Amino acid sequence: MIRLRLQLHEEFKELTFKHKLQYIWDYYSGPFFITVIVLATVCAFTYNAVAHREKKIYSGVTFFGDYIQDDKTQLLRTTLTDRFATDKKYDVKVYNFYSSDTDPTVEVAMGEKFFAMYAGKQIDLLVFDEFYMPYLVEVGYLVNLDSFLDKNLLAHYGKDGALFYSHTKEYPENMPYAISLKNTTYLKNAIGFDTSKKYVGFARSSVRTEEARKLLALLMS
């Protein structure tokens, strides 16, 4: 084996430069291409994993029952993320659940999608029309405001009768569940959203209390 290697080495030394290159190419082209393919696959997989890595949720707001164009949803998400999520590992989620389809299967699918995000603790604040208020309270998607806000904040947000009170079978006493956005301007200026008959409240499944309070303060401005 050693003698064969020496013989090949001597033969290789006698080749011209051009023939040496041809010899190297003929001998190593197969392994070379296999290596390139493997490296390209690994790099592509790594890039895809990093580029599409899901960021952690700083806070999440859902517009329930209102259609908002995708570009405006993305604009609001970017604006809120830039403002609050200084750590690039986080972002503010903005969801939009609306269906004008009369097909009951579509409505069921939308409901299942909303519930999955709600149960997955991706939603902190709900923005909705007053029409949906009884449903959201009765089903239990909304939690009473005093679970998140102290008396001073409740008094501040509740000026001019801005709080919506309701009760459930579980809590028969009237409690504040939502705040009117009628006199606010932030969403109007940010995405042209009409807040004249809209309310905002905390999702019962929310686990990001402080972040949700900060987001609420901005929406109420």
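Everything numeric in this text was worked out from a predicted model, so none of it was measured. Throughout, residue positions are numbered sequentially from 1 according to the sequence presented.
Here the straight-line distance linking atom CD of E130 with atom CG of L136 works out to 12.5 Å at 0.5 Å rounding. Between the OG1 atom in T73 and the CG atom in D71 there is a gap of 7.5 Å [rounded to 0.5 Å]. For the atom pair CG (N183) and OG1 (T195), the distance works out to 8.5 Å, reported to the nearest 0.5 Å. Atom CG of D70 sits about 12.5 Å away from atom CG of L75, to the nearest 0.5 Å.
F131 and F97 fall within the same hydrophobic cluster, defined by Ile, Leu, Val, Met, Phe, Trp and Tyr side-chain heavy atoms under 4.5 Å apart, directly or through other members.
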Between side-chain atoms of residues 137-146 and protein atoms elsewhere (two or more places apart, or another chain), which donor-acceptor pairs fall under 3.5 Å?
{"from": "N144", "atom 1": "OD1", "to": "S147", "atom 2": "OG", "distance (Å)": "3.1"}

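Contact record, L163 with G158: CG-CA, 3.5 Å, taken as the closest heavy-atom pair. Contact record, L219 with L181: O-CD2, 3.7 Å, taken as the closest heavy-atom pair. Summarising the geometry of L76 relative to L187, their closest heavy-atom pair is CD2-CD2, 4.1 Å, with the distance given to 0.1 Å. Considering every non-hydrogen atom in both Y58 and A85, the closest pair reads CB-CB, 4.3 Å.
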>> Please determine whether side-chain contact (heavy atoms from CB on, under 4.5 Å) holds for the pair T62 and Q122, giving the CA-CA distance in whole Å, both sets of side-chain angles, and the decisive distance to 0.1 Å.
In response: CA-CA 9 Å; T62 289; Q122 298 183 46; over 6 Å; no
> Does the pair T78 and Q74 meet the rule for a side-chain hydrogen bond (donor to acceptor under 3.5 Å, both in side chains), with working shown?
Replying inline: CA-CA 6 Å; T78 301; Q74 183 58 45; 3.2 Å; yes
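Residues that satisfy the ring pair (Phe, Tyr, Trp, His ring centres under 6.0 Å) test with F128, not counting sequence neighbours, are absent from this structure. Applying the side chain to side chain donor-acceptor pair (under 3.5 Å) rule to S166 yields no partners; only residues at least two apart in sequence or on another chain are considered. In this view, N174 and H167 satisfy the side chain to side chain donor-acceptor pair (under 3.5 Å) rule, not counting sequence neighbours. With sequence neighbours left out, the side-chain contact (heavy atoms from CB on, under 4.5 Å) criterion links K182 to S180. Every residue meeting the side chain to side chain donor-acceptor pair (under 3.5 Å) condition with S59, not counting sequence neighbours, appears here in chain and number order: D124. The ring pair (Phe, Tyr, Trp, His ring centres under 6.0 Å) search around F64 returns F114, Y132, not counting sequence neighbours. For A217, the side-chain contact (heavy atoms from CB on, under 4.5 Å) criterion is met by Y157, not counting sequence neighbours. In this structure, D82 has no salt bridge (Lys or Arg N to Asp or Glu O under 4.0 Å) partners at least two apart in sequence or on a different chain. Not counting sequence neighbours, the partners of F148 by the ring pair (Phe, Tyr, Trp, His ring centres under 6.0 Å) test are F202.
Residues K198 and F193 have side chains in contact (heavy-atom distance under 4.5 Å, counting atoms from C-beta outward). Taking the side chain as every heavy atom from C-beta outward, L218 and L80 approach each other to under 4.5 Å. Residues I123 and Y95 form a side-chain contact, since some pair of their non-hydrogen atoms from C-beta on lies under 4.5 Å apart. A heavy-atom distance below 4.5 Å is not found between the side chains of T209 and L149. Looking at F84 and L215, their side chains come closer than 4.5 Å, going by heavy atoms from C-beta outward.
In summary, D91 and K93 engage in a salt bridge, as defined by a charged side-chain N under 4.0 Å from a carboxylate O.
The main-chain N or O of A119 is never found under 3.5 Å from a side-chain atom of S205 such that the two would form a donor-acceptor pair. Remark: side-chain polar atoms of T81 are paired, donor with acceptor, to backbone N or O of V92 under 3.5 angstrom. Remark: the backbone N or O of I68 is paired with a side-chain donor or acceptor of N96 at under 3.5 angstrom. A donor-acceptor contact shorter than 3.5 Å is absent between the side chain of R204 and the backbone of Y118.
Pairs of residues two or more places apart, or lying in two chains, that qualify as side-chain hydrogen bond (donor to acceptor under 3.5 Å, both in side chains) and include a residue from residues 184-194 are D194-S196. Each side-chain hydrogen bond (donor to acceptor under 3.5 Å, both in side chains) pair with one or both residues in residues 211-221, not counting sequence neighbours, appears once here: E210-R213.
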